[in-house]
Every structure is written in structure tokens, then in C-alpha cells.
Amino acid sequence: MSSLPNLEGVDTPALLVDAEVLSANIARMAGLFTDRSQRLRPHAKTHKCAEIARMQMAAGAIGICCAKLSEAEALVSAGITDILITTPIIGNAKVARLVRLARHAAIKAVADSETCIRAYAMASEAHEIHLNVLIEVDVGQNRCGVRPGSSAFDLLELLSTFPSLRFCGLQGYQGAAQGIMAQDERFAANESALKSLLFTADLVRRRGYQIDVLTGGGSGSVEIDLQLGGLTELQPGSYVFMDTTYDRIQWGDPMSAPLFVPSLSVLTTVISRNDPKRAIVDVGWKALSSDAGLPRVKNRPDLRFDFAGDEHGVLQNVDGDAVKLEVGEQVELIPSHCDTTVALHDWLYVVRKGALEDRWLISARGCFQ
Ligand SMILES: Cc1ncc(COP(=O)(O)O)c(C=O)c1O
């Protein structure tokens, strides 16, 4: 793109993605699904970006997931037309928007309460559409979802009284089991989550209900979920970008290269150097998330970053020596949590072999409702 500055000219702090690493992560994930019965429906809550959703679908994903209705609305507007919204949608005005969206795209919604199902039914009847609904099961996250086992029955019986609702299946996601570092412990935690979902699915089928979709899983459980079987769709998100939290986990084959590699960074500029042991940079909490701890300085193991306020950070030498950086020099930071960092930015600057190639709109920026 001719209107783009070179990388040094990008105003910082700026969110960068390494195009080659991103493509390799997307291809590697898609490759895991070759000759498998399971389908890949990546979670777009990580990137919120229509360009990346299109890359994932071009590589074989059957659609995407969104966490929120507004996120789905933004991505439908950007041309993505097959979306599972993985959080129950509550509130009459919001549910009316959901069914309007379902007129324009293949939308699936989840529910875990009677209130939610009744609202979905009323709105879809009023708008004369059929809404595809999954029941969410709490498989250990202690977040949304009915208890595993027969608790789904009451909701299913209610759901089946409404001709405007179509029961598609069950969702069960165990986020706390994704980032467990040791492969055997991560395996056990994810196996236990999967078992509660499959147990519930079995009871539901025995009651005579057909289950087309059993969905769950994340980047940390993808190898495990594929190996164990049972899910029909997997919804990993972070693998496109990775982060320092995910970068610590052990993959199935510890002797081979990691499955996915960090592609995301935040470019920051040194703006003050009044102490030989501290370089002050122009990024703080407003452009880099801190919920999962500190970022890592890319390609500079001699440096560590600390937050120094909303708009400031400080770089220090890990050995306490003087820091070798001049005012105006730039460094890249690998976020500790990709999703929450991406959500702070409007643009993703695409870098290939060190040169700026493009910039992509974070289409669903600010869409947390
Ligand atoms: C419901 C749901 N599914 C899938 C994911 C993707 O998981 P990950 O980012 O660990 O790949 C998330 C992430 O928070 C999620 O909340």
C-alpha cells in the first residue's frame, strides 16, 4: 500500500503482526484438522479482525466464533457470514438485534437459562425466523452453563416447545485448562472437561434429542481434543497470535518445535533517557494489557519491561547494568495476553521480513457488548 509509512514511521505504540508467523500459525492449525471428522471454527475474540477471519476460512475453517453480539455484528458487516456466538445473549433489545442479525448470516446462539430461551423464542417468532440454539454446559470453568448431567433437560424441554427455535447441540469450554504448562496435567484437565460434556450429550441423546454440534476447546487443548475425539467443532482462538502466557506451555511432542509461535507485538519508542539504568518508552496500560502479567521484550533477552503508568513503560537491564538504547530507538514487546491487548487497538500493522506491508482494521474494536 503506497500510503503506508515505513515501519519506523508508524506512530507508536502500535500493534504489529508478523505476516509470515501468522500465516504459519493459521496453516498449522488448519493442518491438524486434515483427515479428521472434527471441524475448525476459530474464536475471533482474539483478533476481532475480518482479514484474519477470512484467512482462517480460506485455510479451511467452517466459520468463526464471536464472544459478543456486537463483535458478531461487526464481523457480519465486514462480510463474515457463519458465526457461533459463544456467550448467552440477555436483554430484549439485544435479543431483537440477534434475530435481526440471524436474517443476514448463519448465526448460532447459546443459552443456559429459561429467561434466555424464552427471549430467543419470542424474538424469533416476532421476526419470523428460526434461530439455531446450543445449550451451554459448565464443564469446570464455573462461569456460564448448566451443570453437567440431566440439568440440560429442563431447558431442552422448554426449547422444544418453541417451533421458532432449533436445538443444535451443546457447548462446553474450559478456559482454565488451556494454559496449564505441563502437557500431562493439561491433558487430564481437558479430558475431564470433555468427559462432562460427552456425558451430558449422551444423556441428551438418550432422551431422543439429536445433537449436531458439540463444540468447545481452545488453543491449549487442540491436540488433546483431536486425539480424544467427541467434539464436532473446536474453537481455538489465541493460536493466531500467541502470547507469553501461551508460549510457556508444553506441546504434545516436547522434542519438536512449538506448534504455534508468537506473531503479535507492540512497537514502542524510547521517549526519555535521564537515567543510565532506565529507558522510558511510550507504552503503558492503555495500549498493552497487564491482566496476565508483564510482556516480554522481543529479541532482547537483556531487557525487561515494567509498566510505569497509563502511557509509560520502563526498560531495564536484567542484570542491573546500564541500558543501551537511545531516545527515538524502538523495541517490540510480546504481550502476556493477546486478546486483551488487541482489544485496545484500532489497527493491526502487518510486517513482512521487517517491512510494513499493510494495516488491517480491528473490525470489532470496542465491541465488548
Ligand atoms: C468460549 C471460548 N471458546 C474458545 C476460546 C478460545 O480459547 P483460546 O484463546 O485459549 O484458544 C475462548 C477464549 O477465551 C472462549 O472464551
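In this chain, residues are counted from 1 in sequence order. Please read these numbers as outputs of a predicted model, since none were measured by experiment.
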(request) Spell out, as yes or no, whether a donor-acceptor pair under 3.5 Å connects the side chain of Thr245 to the backbone of His337. (result)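 Side chain of Thr245 to backbone of His337, a donor-acceptor pair under 3.5 Å: no, none is there.
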(message) Just to verify, which of Thr268, Thr244, Leu267 counts as forming a side-chain contact (heavy atoms from CB on, under 4.5 Å) with Leu333?
(response)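 One option only clears the test, and that one is Thr268.
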(request) Give me the one residue out of Ile334, Leu348, Val240 that meets side-chain contact (heavy atoms from CB on, under 4.5 Å) with Leu264. (result)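 Exactly one option meets the side-chain contact (heavy atoms from CB on, under 4.5 Å) with Leu264, and it is Leu348.
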(message) Test side-chain contact (heavy atoms from CB on, under 4.5 Å) on Val110 and Ile135; report intermediate values, then the result.
(response) CA-CA 6 Å; Val110 302; Ile135 303 289; over 6 Å; no
(message) Per the side chain to side chain donor-acceptor pair (under 3.5 Å) rule, what does the pair list look like for residues 49-69, sequence neighbours excluded?
(response)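 Listed by first then second residue: His47-Gln56, Gln56-Tyr239.
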(message) Whether Arg300 and Glu332 form a salt bridge (side-chain N of Lys/Arg under 4.0 Å from carboxylate O of Asp/Glu) is what I want to check.
(response)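 Not counted as a salt bridge, because no side-chain N and carboxylate O are separated by less than 4.0 Å.
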(message) Assess whether a salt bridge exists between Arg273 and Glu326, defined as any Lys/Arg side-chain N lying under 4.0 Å from an Asp/Glu carboxylate O.
(response)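 No.
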In residues 222-229, what donor-acceptor pairs under 3.5 Å come from side-chain atoms, sequence neighbours left out?
| unit_1 | atom_1 | unit_2 | atom_2 | d |
| --- | --- | --- | --- | --- |
| Glu223 | OE1 | Gly252 | N | 2.9 |
| Asp225 | OD2 | Ser221 | OG | 2.7 |

(message) Could you report the tightest heavy-atom contact between Ile107 and Ala102, atom names first, then the distance?
(response)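 Closest approach of Ile107 to Ala102, heavy atoms only: CG1-CA, 3.8 Å.
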(message) Are Met242 and Val266 linked, directly or through intermediate hydrophobic residues, by side-chain heavy-atom contacts shorter than 4.5 Å (ILVMFWY only)?
(response)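 Linked within one cluster.
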(request) Find out if a path of hydrophobic residues (ILVMFWY) with successive side-chain heavy-atom gaps under 4.5 Å connects Leu294 to Tyr246. (result)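 Yes, because Leu294 and Tyr246 connect within a single hydrophobic cluster, where side-chain heavy atoms sit under 4.5 Å apart.
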(message) In terms of relative ring orientation, are Phe167 and Tyr209 parallel, tilted or perpendicular, with 30° and 60° separating the classes?
(response)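 Rings of Phe167 and Tyr209: perpendicular, over 60°.
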For residues 140-150, tabulate all N or O donor-acceptor pairs below 3.5 Å that involve a side-chain atom, not counting sequence neighbours.
| unit_1 | atom_1 | unit_2 | atom_2 | d |
| --- | --- | --- | --- | --- |
| Gln141 | OE1 | Gly175 | N | 2.6 |
| Gln141 | OE1 | Ala176 | N | 2.9 |

(message) My understanding is that a hydrophobic cluster links ILVMFWY residues whose side chain heavy atoms are under 4.5 Å apart, including indirect links. Using that, what else belongs to the cluster containing Val314?
(response)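 Via sub-4.5 Å side-chain contacts, Val314 links to Ile271, Ile280.
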Under 3.5 Å, which donor-acceptor pairs link side chains of residues 72-95 to any protein atom two or more places apart or in another chain?
| unit_1 | atom_1 | unit_2 | atom_2 | d |
| --- | --- | --- | --- | --- |
| Glu73 | OE1 | Arg97 | NH2 | 2.8 |
| Glu73 | OE2 | Arg97 | NE | 2.8 |
| Ser77 | OG | Glu73 | O | 3.0 |
| Asp82 | OD1 | Arg41 | NH1 | 3.0 |
| Asp82 | OD1 | Arg41 | NH2 | 3.1 |
| Thr86 | OG1 | His43 | NE2 | 2.9 |
| Thr86 | OG1 | Cys66 | O | 3.3 |
| Thr87 | OG1 | Ala67 | O | 2.6 |

(message) With a 6.0 Å cut-off (strictly less than), is the heavy-atom count around NE2 of His127, excluding the residue itself, greater than 12?
(response)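 Yes, NE2 of His127 has more than 12 neighbouring heavy atoms, counting only those of other groups under 6.0 Å.
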(message) I'd like to check the ring-ring contact (aromatic ring centres under 6.0 Å, His included) partners of Trp360; sequence neighbours left out, ordered by chain and number.
(response)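 Here no residue qualifies.
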